Visitor: 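Before we start, here is the structure in question, set down as structure tokens.
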Amino acid sequence: MSSPTPPPPCSTKPGIPPTPALREARRLLSDAQFNDVRATVLDNNPGMAPDMAGRLVVEALKFVAAASPFPTVRIAPTREVDEGWHALILHTHLYASLCSGLGRTVHHYPERPDPSRHDPDVLTRTVALIEQAGYTPDRELWTGPNRSLVTVAANCSHTPVPGGCGPINPGGCATHGGGEGE
């Protein structure tokens with residue numbers, strides 16, 4: 001009689017592949033890749049401290065890693081985190097490889113800011129999904145537009161409200177022609 005299979009050495013949750021109990025998003029990129037993406041954030045935001053640019057990239061990595069396995073959950077980054085996401089996307093081969101490794105491409109559907117589409121619960125959902133994915137959010141960068149920690153160049157919003165646009169599964173948004181299946 002064979003002995004029972006031991007449980008995996010990590011926690012699992014429905015919809016998320018087994019992962020270490022504590023995940024480090026920074027490890028999703030090599031040092032060279034991380035430094036290149038951080039340099040893009042710095043280039044787009046003159047005067048920003050390198051450590052802040054690094055924090056934005058790390059939070060963007062957490063966002064993309066959390067969004068990938070949950071394409072129908074309506075989440076969105078803060079403007080600060082969106083700046084890091086923009087930098088990741090600009091490194092197209094790196095971003096394609098990252099998303100491939102995560103199992104799904106997380107598309108970016110930007111909109112012009114519009115308070116009428118604001119979803120007051122989107123950041124709460126986003127932070128909860130990041131935590132469910134096994135990451136610890138940098139809470140200072142997930143506060144929303146009224147309490148921004150740093151000014152960034154990114155000037156688009158993501159309003160995942162029904163009928164609006166979202167970063168992963170957009171509705172019929174006039175600003176990008178979004179729709180199902182993109």
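The shown structure was predicted, so the numbers you read here are calculated from the model rather than taken from an experiment.
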Visitor: Applying a strict under-4.5 Å side-chain criterion to I, L, V, M, F, W and Y, I'd like to know whether Leu42 and Ile89 cluster together.
Guide: yes
Visitor: Under the criterion salt bridge (charged side-chain N to carboxylate O under 4.0 Å, His left out), I'd like the reasoning laid out for Arg55 against Glu80: C-alpha separation, chi angles, the key distance, then a yes or no.
Guide: CA-CA 10 Å; Arg55 287 172 66 188; Glu80 296 86 355; over 6 Å; no
Visitor: Report the distance from atom CG of Asn35 to atom CG of Leu29, rounding to the nearest 0.5 Å.
Guide: 10.0 Å
Visitor: Any salt bridge (Lys or Arg N to Asp or Glu O under 4.0 Å) pairs touching residues 88-97, not counting sequence neighbours?
Guide: none
Visitor: Tell me which donor-acceptor pairs under 3.5 Å the side chains of residues 58-67 have, and how far apart each pair is, sequence neighbours excluded?
Guide:
residue, atom, partner, partner atom, Å
Glu59, OE1, Asp138, N, 3.1
Glu59, OE1, Trp142, NE1, 2.7
Glu59, OE2, Lys62, NZ, 2.6
Glu59, OE2, Asp138, N, 3.4
Lys62, NZ, Thr136, O, 2.5

Visitor: Should Phe70 and Ile75 count as side-chain neighbours, where that means a heavy-atom distance under 4.5 Å?
Guide: no
Visitor: Write down the atom of Tyr135, the atom of Glu24, and the distance for their closest heavy-atom approach.
Guide: CE2-C, 4.1 Å
Visitor: Can you check side chain to side chain contact (heavy atoms under 4.5 Å, CB included) on Thr78 and Thr143, steps first, answer last?
Guide: CA-CA 7 Å; Thr78 61; Thr143 59; 6.0 Å; no
Visitor: Is it true that the side chains of His108 and Asp82 contain a donor and an acceptor less than 3.5 Å apart?
Guide: yes
Visitor: Backbone N or O of Ala96 within a donor-acceptor pair of the Ser100 side chain at under 3.5 Å?
Guide: no
Visitor: OG of Ser30 to CG of Leu94: how many Å apart, nearest 0.5 Å?
Guide: 7.5 Å
Visitor: Do Arg125 side-chain atoms and Arg74 backbone N/O form a donor-acceptor pair below 3.5 Å?
Guide: yes
Visitor: Which atoms form the tightest heavy-atom contact between Val37 and Gly84, and what is the distance?
Guide: CG1-O, 4.5 Å
Visitor: The criterion is side chain to side chain donor-acceptor pair (under 3.5 Å); which residues satisfy it with Thr92, sequence neighbours excluded?
Guide: none
Visitor: Would you say that Phe34 contacts Leu28 through its side chain, given a criterion of any heavy-atom pair below 4.5 Å between the two side chains?
Guide: no
Visitor: So, are Arg38 and Glu83 salt-bridged, with charged N and O less than 4.0 Å apart?
Guide: no
Visitor: Which heavy-atom pair separates Pro137 from Ile130 by the least distance, and what is that distance?
Guide: CG-CG2, 3.9 Å
Visitor: List the atom of Pro77, the atom of Leu123, and the distance in Å for their closest heavy-atom pair.
Guide: C-CD2, 4.4 Å
Visitor: Report yes or no: does Thr105 contribute a side-chain atom to a donor-acceptor pair with the main-chain N or O of Cys99 at less than 3.5 Å?
Guide: no
Visitor: Distance from His93 atom NE2 to Gln33 atom CD, nearest 0.5 Å?
Guide: 9.5 Å
Visitor: Quick test of your reading of the model: are Asp31 and Arg26 salt-bridged, counting only N-O distances below 4.0 Å?
Guide: yes
Visitor: Under the 3.5 angstrom rule, does the side chain of Thr40 hit a backbone N or O of Asp36 as a donor-acceptor pair?
Guide: yes
Visitor: Are Val73 and Thr126 side-chain neighbours, meaning at least one heavy-atom pair lies under 4.5 Å?
Guide: no
Visitor: Which atom pair, heavy atoms only, marks the closest approach of Val57 to Val41?
Guide: CG2-CG2, 3.9 Å
